Amino acid sequence: ICLNFGLASEFGGLCNLRFDDTNPSKEDVEYVESIKEDVRWLGFDWQDREFFASDYFEELYQFAVQLVKAGKAFVCDLNADQMREYRGTLTEPGRNSPFRDRSVDENLDLFHLMRAGEFPDGSRTLRAKIDMASPNINLRDPVMYRVLRATHHRTSDDWCIYPTYDFAHGQSDSIEGITHSICTLEFEDHRPLYDWYLDQLGIHHPQQIEFARLNLTYTVLSKRKLLQLVQQKFVSGWDDPRMPTLAGIRRRGYTPEAIRTFCDRIGVAKRNSTVDIAMLEHCLREDLNKRASRVMAVLRPIKVVLENYPEGQVEELEAVNNPEDAAMGTRKVPFSRVLYIEQDDFREDPPKGFFRLSLNKEVRLRYAYIIRCVGVDKDPATGQIVQLRCTFDPETKSGSSQSSRKVKATIHWVSAAHAVEAEVRLYDHLFTKEEPDDVPAGSDWLENLNPNSLERLTACRVEPCLSAAKS
């Protein structure tokens with residue numbers, strides 16, 4: 001999406017949004033609307049240039065008739081298995097269909113009967129007559145039309161024959177006056193067929209250009225594999241935040257600006273390669289660092305009681321919304337006698353180099369005071385720490401004359417009486433290996449799924465300002 005719309009913008013052109021809906025059994029209006037929403041979210045606008053291959057079904061049919069009349073297409077009675085047998089292999093040429101030499105008139109009659117619904121599904125196809133000995137298998141008399149009775153989401157039951165993507169692609173480009181058709185690298189071997197159809201029909205000839213598909217570490221981008229993840233419920237749906245779909249990463253917190261920056265930086269190539277997902281994550285951090293408001297959240301809370309802080313007193317402390325952008329202003333954060341901090345920010349027996357809170361050591365609470373831990377309360381049954389007893393230094397309030405007193409660490413916190421309880425979901429890579437398909441012979445790529453890719457924390461505490469946050 002970024003490449004197509006980006007190229008059009010860079011060179012003063014236009015980019016059409018066209019849906020390939022040549023297979024009614026796999027098309028759904030839900031997918032159409034989802035794609036449109038994704039493109040808009042990325043910041044691109046196709047204006048009034050929204051098209052469907054089905055817009056051209058009648059014209060495509062007439063193009064096929066033109067090829068039949070020119071002796072360049074024929075109706076074939078071979079079934080799918082027989083056609084595969086006749087096609088040959090990468091090292092052996094194919095064989096001509098026994099129906100290849102039908103007369104033009106017979107082919108026209110049969111093709112009209114195909115359209116009229118006189119034949120059962122799969123019983124006949126219309127094939128281009130090119131070269132069964134071609135080293136490019138795509139040129140070995142490819143199928144142009146097949147009989148398929150399925151209700152189309154736009155044309156209903158008007159048609160019972162449908163064009164293949166390879167036949168519809170170039171002709172749809174031509175009808176729209178496309179100059180450059182940008183495809184991924186797997187279509188490079190299809191370009192001679194794209195060109196053949198256009199040349200034989202003698203119509204406007206766009207240029208197909210291929211580029212390498214984007215591959216990311218710890219990720220699969222195959223539609224078939226993503227569908228398998230959804231259907232087998234390894235993820236909650238197409239918009240699961242672990243999925244590499246726009247709907248998924250949008251829920252994970254990615255911004256369109258970060259994605260566009262990522263696409264600009266990695267560029268395009270003619271050879272397949274894999275980009276480290278850390279690059280994508282870096283682009284997001286870089287963007288959020290400039291624009292996102294900061295708030296405090298404690299994911300695994302432990303209670304802190306400030307023994308020398310007045311009971312019932314509440315202060316409204318000033319916190320910076322974004323240290324990178326003063327224009328984003330400040331907010332008020334309530335501070336009281338009982339707080340929550342992260343469990344990991346305290347160690348009863350701290351290792352060397354641990355500078356956060358421990359017994360008889362000090363830390364600064366962000367935007368607040370310096371505190372010292374003076375005692376630990378434990379559950380007598382389990383020995384687990386349930387509460388820290390601390391004191392605060394009232395002379396060290398952030399922004400005061402004494403606030404410059406140095407300690408080695410600053411930690412975040414929330415006021416226990418004011419914090420909002422929240423569920424936090426921590427997402428990791430969906431796969432444990434950089435290359436999910438890297439499995440021993442006889443094994444399945446699903447074995448590389450990360451069992452810890454989602455962790456739900458249900459007793460988190462966040463600043464009260466998040467109570468009004470929208471999902």
Side-chain angles (χ1 to χ4, degrees), residues 1-23 27 31-32 35-57 59-60 62-64 66-67 72 128 130 134 136-139 142 144 163-216 221 223 246 256 259-273 275:
I1 295 170
C2 289
L3 176 61
N4 280 274
F5 281 93
L7 284 172
S9 175
E10 182 179 354
F11 294 101
L14 299 172
C15 183
N16 293 354
L17 182 66
R18 183 170 74 241
F19 296 91
D20 167 41
D21 55 350
T22 54
N23 187 345
E27 306 304 330
Y31 292 136
V32 171
I35 291 170
K36 288 160 63 174
E37 181 183 352
D38 288 342
V39 175
R40 287 194 187 100
W41 177 76
L42 274 175
F44 301 115
D45 184 9
W46 58 92
Q47 298 170 328
D48 61 347
R49 298 181 310 282
E50 178 182 316
F51 304 110
F52 295 81
S54 56
D55 293 335
Y56 314 127
F57 276 177
E59 289 169 273
L60 293 172
Q62 295 302 330
F63 283 142
Q66 181 179 337
L67 291 177
K72 300 295 184 180
I130 306 179
S134 173
N136 185 337
I137 288 182
N138 295 298
L139 296 179
M144 297 164 56
T164 60
Y165 174 79
D166 275 339
F167 181 65
H169 179 198
Q171 284 61 260
S172 298
D173 284 348
S174 181
I175 292 167
E176 292 175 18
I178 298 298
T179 56
H180 298 82
S181 186
I182 312 300
C183 303
T184 46
L185 207 55
E186 64 265 31
F187 288 98
E188 187 172 34
D189 289 340
H190 294 247
R191 187 180 351 125
L193 180 57
Y194 179 98
D195 293 336
W196 187 88
Y197 283 133
L198 293 168
D199 289 341
Q200 296 302 317
L201 291 167
I203 56 179
H204 166 67
H205 196 314
Q207 180 181 0
Q208 177 178 302
I209 302 174
E210 305 84 17
F211 65 95
R213 179 189 292 273
L214 169 63
N215 294 301
L216 288 171
L221 293 171
K223 292 178 184 176
L246 285 175
I259 295 172
R260 294 200 304 266
T261 297
F262 170 72
C263 291
D264 286 342
R265 288 184 180 174
I266 63 172
V268 292
K270 289 290 286 186
R271 296 182 62 185
N272 286 317
S273 60
V275 178

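Values below: every heavy atom of this structure, side chains too, minus hydrogens, waters and symmetry copies. This is a predicted model, so every value here is computed, not measured.
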* Does K36 reach the side chain of L17, with side-chain heavy atoms less than 4.5 Å apart? -> yes
* Mind running side chain to side chain contact (heavy atoms under 4.5 Å, CB included) on D45 and R40 for me, showing each step along the way? => CA-CA 6 Å; D45 184 9; R40 287 194 187 100; over 6 Å; no
* Which residues share a side-chain contact (heavy atoms from CB on, under 4.5 Å) with N136, sequence neighbours left out -> S134, N138, L139, D189, P192
* With distance as the sole test, does S174 use its side chain to make a donor-acceptor pair with the main-chain N or O of H205 at under 3.5 Å? -> no
* For Q200 and Q66, work out which heavy atoms get closest and say how close. => O-NE2, 4.4 Å
* To do: Can you sort out the partners of E186 under salt bridge (Lys or Arg N to Asp or Glu O under 4.0 Å), two or more places apart, ordered by chain and number?
  => R213
* Run the side chain to side chain contact (heavy atoms under 4.5 Å, CB included) check on L246 and I259 step by step: do they pass? -> CA-CA 9 Å; L246 285 175; I259 295 172; 4.0 Å; yes
* **Distance, nearest 0.5 Å, that separates CG of L60 from CE of M144** => 9.5 Å
* Asked: Which residues pass the ring-ring contact (aromatic ring centres under 6.0 Å, His included) test with F167, sequence neighbours left out?
  -> Y145, Y197
* To do: Report yes if the side chains of T164 and P142 come closer than 4.5 Å at any heavy-atom pair, otherwise no.
  => no
* Asked: Would you say R271's side chain and A212's backbone share a donor-acceptor pair under 3.5 angstrom?
  -> no
* Structure fact -> Applying side-chain hydrogen bond (donor to acceptor under 3.5 Å, both in side chains) to S181 and not counting sequence neighbours gives H169, D173
* To do: Sequence neighbours left out, what passes side-chain contact (heavy atoms from CB on, under 4.5 Å) with E176? Give chain and number order.
  => N16, R18, F51, Y56, I178
* Asked: Could you state the interatomic distance from CG (L14) to CH2 (W46), rounded to the nearest 0.5 Å?
  -> 14.5 Å
* Supply the atom-to-atom distance E188 CD to C183 SG, rounded to the nearest 0.5 angstrom. => 11.0 Å
* **L221 to L216 - nearest heavy-atom pair and separation** => CD1-N, 4.2 Å
* **Non-hydrogen atoms of A128 and W196 that approach each other most closely** => CB-CZ3, 3.9 Å
* To do: Kindly write out the residues that satisfy salt bridge (Lys or Arg N to Asp or Glu O under 4.0 Å) with E210, not counting sequence neighbours, or none if the list is empty.
  => R191, K270
* Contacts of D55 that satisfy salt bridge (Lys or Arg N to Asp or Glu O under 4.0 Å) - sequence neighbours left out -> R154
* Asked: side chain to side chain contact (heavy atoms under 4.5 Å, CB included) between L185 and F211: does it pass, once the steps are laid out?
  -> CA-CA 5 Å; L185 207 55; F211 65 95; over 6 Å; no
* Can you tell if the side chain of F63 reaches within under 4.5 Å of the side chain of I203, non-hydrogen atoms only? -> yes
* Residues in ring-ring contact (aromatic ring centres under 6.0 Å, His included) contact with F19, at least two apart in sequence or another chain -> F52
* Asked: By ring-ring contact (aromatic ring centres under 6.0 Å, His included), which residues pair with H190, not counting sequence neighbours?
  -> F187
Show me the donor-acceptor pairs within less than 3.5 Å that the side chains of residues 2-12 make with the rest of the protein, sequence neighbours left out.
none

* **Any side-chain heavy-atom pair of P206 and L198 under 4.5 Å** => yes
* Structure fact -> Applying side-chain contact (heavy atoms from CB on, under 4.5 Å) to I209 and not counting sequence neighbours gives H180, I182, Q207
* Asked: By salt bridge (Lys or Arg N to Asp or Glu O under 4.0 Å), which residues pair with R260, not counting sequence neighbours?
  -> none
* **Value rounded to 0.5 Å, distance of CG in L193 from CD1 in I137** => 13.0 Å
* Asked: Can you tell if the side chain of L67 reaches within under 4.5 Å of the side chain of L201, non-hydrogen atoms only?
  -> yes
